[in-house]
Novice: 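Take this structure first; my questions come after.
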Amino acid sequence: MTSAHVDTFAIDNLPAPELQPDFLFNLPELQFGEQLNCAGELLDRHILEGRGDRVCIRAHNVSWTYQDLADRANRIANVLTREMGLVAGNRVLLHSSNTPMMAACWFGIVKAGGIAVATMPLLRAKELKPILEIARISHGLCEAALSDEMRQAALSSPGLRQLRHFNYSGPDSLEAAMERQSTIFETVNTATDDTCLIAFTSGTTGIPKATMHFHRDVMAICACWPKHVLKPAAADVFIGSPPLAFTFGLGGLLLFPMSVGASTVMLEKAGPTELLDGIKEFGATVVFTAPTSYRTLSARGSEIRRTSLRRCVSAGEALPASTRALWREATGIELIDGIGATEMLHIFISADEASARSGATGRVVPGYEARVVDDNGQTVPVGTVGMLAVRGPTGCRYLADERQRTYVRAGWNLTGDAYLMDADGYFFYQSRTDDMIISSGYNIAAPEVEEALMLHPSVAECAVIGEPDPERGQIVKAFVSLRPGVVADAAMVKTLQDFVKRTVAPYKYPRAVEFVEKLPRTQTGKLQRFKLHHS
Ligand code: 3UK
């Protein structure tokens, strides 16, 4: 294996071999050669094999074929290497909402042997700065609309040598530079284990962690979950809400459609309304979004039934059984739930429509192994709650971070989730290991109480935490956002408490209930329970 990296920062900052998880390649489709560039596989290959005129990227007033995308990615790779001084192994910040140009930039960077570091469009300068620093970013490509925060972050980051803006037409724009460059670029012949992307994750608590993924990892996720669970076809049209800066979005909205020669829709804004409009406008057949979005959209089931939508993927947060049922009743479509993680790159436990079970995330995805373990790493009996441990072709490699020792133990990735597995190998999410509530000695999983509350017609959204209590250790406290028109008073508190007592074991009922306008969420749609602890 020969690394193409001239800049060896990524290689130098990998976790020591003994701290890395085990990697398994136990499927025929997981046999990779020594040299591999995932952009060559996902983009160039379609052109070489005669599929260059298939539609690849759609957006309002945009329709790019695979050839169009390759031409643009090649021009960008030429701008990066010939005008901006990029050498293979350099880290390139990609700061943009989901637009066709962002996709072109991602492939331009990866073709040139660069390392793509995509960041959430809503990040402020304060949040961009540590990312520039941790990943030692040397080059930046930024959507013009986001330039204020980007420029401000750049001021205090001397390592950032070159910055270009796109999606505007000024003489100093990336587009103007692309005009000067050729559409021909020879994709850099990277090693299969050269890093091609660094994905940041804040988890739900704040301090960013950088995860490193190889060219091989990108191809591995395409060979596992999509091939065995989603089973997409070239005729599919993908759409969804997660940013490409979130690996859920990168896989679902760019890598997976391209791995089968399908097309994908880029939506800059993808709230429930824009998503439904997009599904109609582009004839989307596959949608990726989070549980809350399905909850909201279920109110428009009859409209959705008249679209071409046929597969709906939910990830990022636990899917409440009530939301699965709501969606099925409203649209006739069974949701495909899947748990993934930035550390694992994508989904490793899931179930297709035919094998979905209420309340379960699914079974382990082919290519991966999963088990439920105790504090000593021993497998617990079937039906017992413990910590989820996984391993497979992808896994956690934090960039120079002590937390590697927490996430990876004895070769297994510990995701921080409490799960139980039943006799059929179905995995049932309980809670994050850090938000299990212990009240008077009872273990109470916050999401279970949330599910019970959400069954009440007056509840729009809710979040449950354990609040310190001198007598009981902790008590169950619920933050509830009510549906419009419902009065938030003491009688409503009593109603909800009684309702939970009737729905689940009475000891789980929320002894404290606080009404709120809305719940704190991350940009990836995750509930920030830790913020509620201090409110
Ligand atoms: C939670 C889920 C229950 C779980 C992600 C799909 O979410 C993704 O990555 P993150 O690093 O967060 C990982 C954590 O999120 N989670 C995600 N999906 C589910 N919990 N059921 C689910 N279906 O706590 C996990 O440890 O932001 C999801 C693909 C790629 C991803 N990066």
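Note: hydrogens, waters and symmetry copies are ignored here, and every other heavy atom, side chains too, is used. All values derive from a computational prediction rather than experimental measurement. In listed order, ligands and their atoms are each counted from 1.
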Novice: Please check whether K526 reaches ligand 1 - meaning an N/O of the residue sits under 3.5 Å from an N/O of the ligand, judged on distance alone.
Specialist: yes
Novice: At under 4.0 Å between heavy atoms, is it the side chain or the backbone of F248 that contacts ligand 1, or both, or neither?
Specialist: both
Novice: So, regarding T524 and ligand 1 (criterion: nitrogen or oxygen to nitrogen or oxygen, under 3.5 Å), is there a contact or not?
Specialist: no
Novice: Which bit of T342 is near ligand 1, meaning a heavy atom under 4.0 Å away: side chain, backbone, both or neither?
Specialist: both
Novice: I need the contact type for I339 against ligand 1. Using non-hydrogen atoms and a strict under-4.0 Å cut-off, is it side chain, backbone, both or neither?
Specialist: both
Novice: Hey, looking at atom 13 (C) of ligand 1, which of G340, A360, P291, S350 has the closest heavy atom?
Specialist: G340
Novice: Would you please indicate if the ring centroids of F256 and H346 are separated by under 6.0 Å?
Specialist: yes
Novice: If you draw the axis of the six-membered ring of F32, does the NZ or CZ of R216 fall within 45° of it and under 6.0 Å from the ring centre?
Specialist: no
Novice: Can you tell which part of L345 has a heavy atom less than 4.0 Å from ligand 1: side chain, backbone, both or neither?
Specialist: backbone
Novice: Does some non-hydrogen atom of L388 fall short of 4.0 Å from ligand 1?
Specialist: no
Novice: Can G416 be said to touch ligand 1, with heavy atoms closer than 4.0 Å?
Specialist: no
Novice: Contact between D337 and ligand 1, counting heavy atoms under 4.0 Å?
Specialist: yes
